[in-house]
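Input: a single structure, listed below in structure tokens.
The figures that follow rest on heavy atoms only: side chains count, while hydrogens, waters and symmetry mates do not.
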Amino acid sequence: MAALPPPDHEEASLIRDPRLAEAIARFNAGDWYACHDGFEELWHETAGPLRPVLQGILQIAVGQLHLERGNRRGATILTGEGLGRLRSCGDQALGLDLEQLRGHAAAWLQALQNAADAPVLDPPRLNRAQGHAL
């Protein structure tokens with residue numbers, strides 16, 4: 001397997017930022033409101049190509065928050081918007097497996113659009129990309 005290219009300066013800086021690690025941990029714990037705040041703060045400070053990655057992740061988190069609060073329409077819209085942003089990104093960014101996240105978000109979106117009841121799926125997770133340590 002080929003080695004991953006080194007991250008650019010902006011990506012390396014974000015990966016080292018403890019706020020990113022905290023936002024990822026909150027996302028994986030299902031603390032949607034707090035993780036949204038963390039990703040949003042980083043998103044506001046980012047002007048480069050990682051901006052849509054951060055926004056896509058936070059939109060998926062807000063979709064989950066809407067679903068928790070019984071707002072299925074909001075969950076559908078935000079999950080779709082987050083998925084759309086992540087589709088324009090590569091399969092890995094910020095040391096995260098975006099391909100896996102897109103697949104999970106797509107399953108959620110389909111379930112939200114098709115199921116009569118609230119979907120019964122595991123919540124999305126942010127997994128480390130292969131070759132990146134936790």
Side-chain angles (χ1 to χ4, degrees):
M1 172 170 30
L4 295 173
D8 66 17
H9 176 69
E10 180 183 60
E11 185 172 25
S13 177
L14 281 165
I15 289 171
R16 285 190 309 271
D17 192 318
R19 296 174 300 167
L20 178 65
E22 180 66 22
I24 291 169
R26 291 190 180 272
F27 187 102
N28 288 339
D31 190 356
W32 308 117
Y33 191 87
C35 85
H36 162 268
D37 286 348
F39 280 113
E40 187 172 53
E41 186 175 326
L42 293 166
W43 173 69
H44 282 298
E45 297 172 8
T46 303
L50 293 171
R51 189 171 166 87
V53 173
L54 294 168
Q55 188 175 16
I57 294 169
L58 75 90
Q59 286 176 315
I60 289 170
V62 173
Q64 292 294 304
L65 180 62
H66 280 304
L67 189 60
E68 249 180 27
R69 295 180 174 178
N71 180 358
R72 186 185 184 117
R73 184 172 186 275
T76 304
I77 291 168
L78 268 293
T79 301
E81 288 179 2
L83 180 58
R85 292 212 194 297
L86 293 177
R87 281 190 175 139
S88 67
C89 304
D91 289 344
Q92 298 178 9
L94 300 172
L96 298 171
D97 183 347
L98 298 182
E99 182 178 20
Q100 177 272 334
L101 180 59
R102 283 193 302 263
H104 204 112
W108 266 99
L109 183 59
Q110 183 176 12
L112 287 164
Q113 291 170 333
N114 296 329
D117 297 322
V120 180
L121 297 171
D122 289 334
R125 289 191 46 83
L126 292 172
N127 294 319
R128 289 293 182 188
Q130 190 171 6
H132 286 271
L134 285 173

Nearest heavy-atom neighbours spanning [X] and [Y]:
X: T79; Y: G63; value: OG1-CA, 3.9 Å
X: P124; Y: Q64; value: CD-CD, 3.5 Å
X: Q100; Y: R125; value: OE1-O, 3.3 Å
X: P49; Y: E10; value: CD-OE1, 3.6 Å
X: I15; Y: G95; value: CD1-N, 4.0 Å
X: C35; Y: A23; value: CB-O, 3.4 Å

What is the distance from atom [atom1] of [X] to atom [atom2] of [Y], rounded to the nearest 0.5 Å?
X: H44; Y: R51; atom1: NE2; atom2: CZ; answer: 7.5 Å
X: L54; Y: F39; atom1: CG; atom2: CZ; answer: 7.0 Å
X: L65; Y: L58; atom1: CG; atom2: CG; answer: 11.5 Å
X: T46; Y: L14; atom1: OG1; atom2: CG; answer: 4.5 Å
X: L78; Y: L83; atom1: CG; atom2: CG; answer: 12.0 Å
X: N28; Y: I24; atom1: CG; atom2: CD1; answer: 7.5 Å

Check your understanding: With a 4.5 Å heavy-atom cut-off, do L126 and L94 have their side chains touching?
Key ->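 No. Closest side-chain heavy atoms not under 4.5 Å.
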
Exercise for review: Measure the shortest side-chain to side-chain distance between L96 and L101 over non-hydrogen atoms and say whether it is less than 4.5 angstrom.
Suggested key: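 SC-SC contact between L96 and L101 ruled out.
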
Are [Y] and [X] linked, directly or through intermediate hydrophobic residues, by side-chain heavy-atom contacts shorter than 4.5 Å (ILVMFWY only)?
X: Y33; Y: L20; answer: yes
X: V62; Y: L112; answer: no
X: I60; Y: L109; answer: no

Review point. Among pairs that include at least one residue of residues 84-93, which meet salt bridge (charged side-chain N to carboxylate O under 4.0 Å, His left out), considering only residues two or more places apart or in two chains?
Key: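 Matches after skipping sequence neighbours: D91-R102.
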
Practice item. With sequence neighbours excluded, give me every salt bridge (charged side-chain N to carboxylate O under 4.0 Å, His left out) pair touching residues 14-29. Key: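 Residue pairs passing salt bridge (charged side-chain N to carboxylate O under 4.0 Å, His left out), neighbours aside: D17-R19, R19-E41, R19-E45, E22-R26, R26-D31.
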
Review point. When you measure from the side chain of T76 to the backbone N and O of R72, does any donor-acceptor pair fall under 3.5 Å?
Key: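 Between the backbone of R72 and the side chain of T76 there is a qualifying donor-acceptor contact (under 3.5 Å).
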
**Study point:** Short side-chain to backbone donor-acceptor contact, W108 and D122, under 3.5 Å
**Key:**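 Side chain of W108 to backbone of D122: a pair is present.
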
Practice item. Assess whether atom CD of E68 is packed by more than 12 heavy atoms of other residues, nucleotides or ligands within 6.0 Å. Key: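 Enclosed: over 12 neighbouring heavy atoms sit under 6.0 Å from CD of E68.
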
Check your understanding: Can you list every pair that meets ring pair (Phe, Tyr, Trp, His ring centres under 6.0 Å) and has a residue in residues 10-32, with sequence neighbours left out?
Key ->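 Matches after skipping sequence neighbours: F27-W32.
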
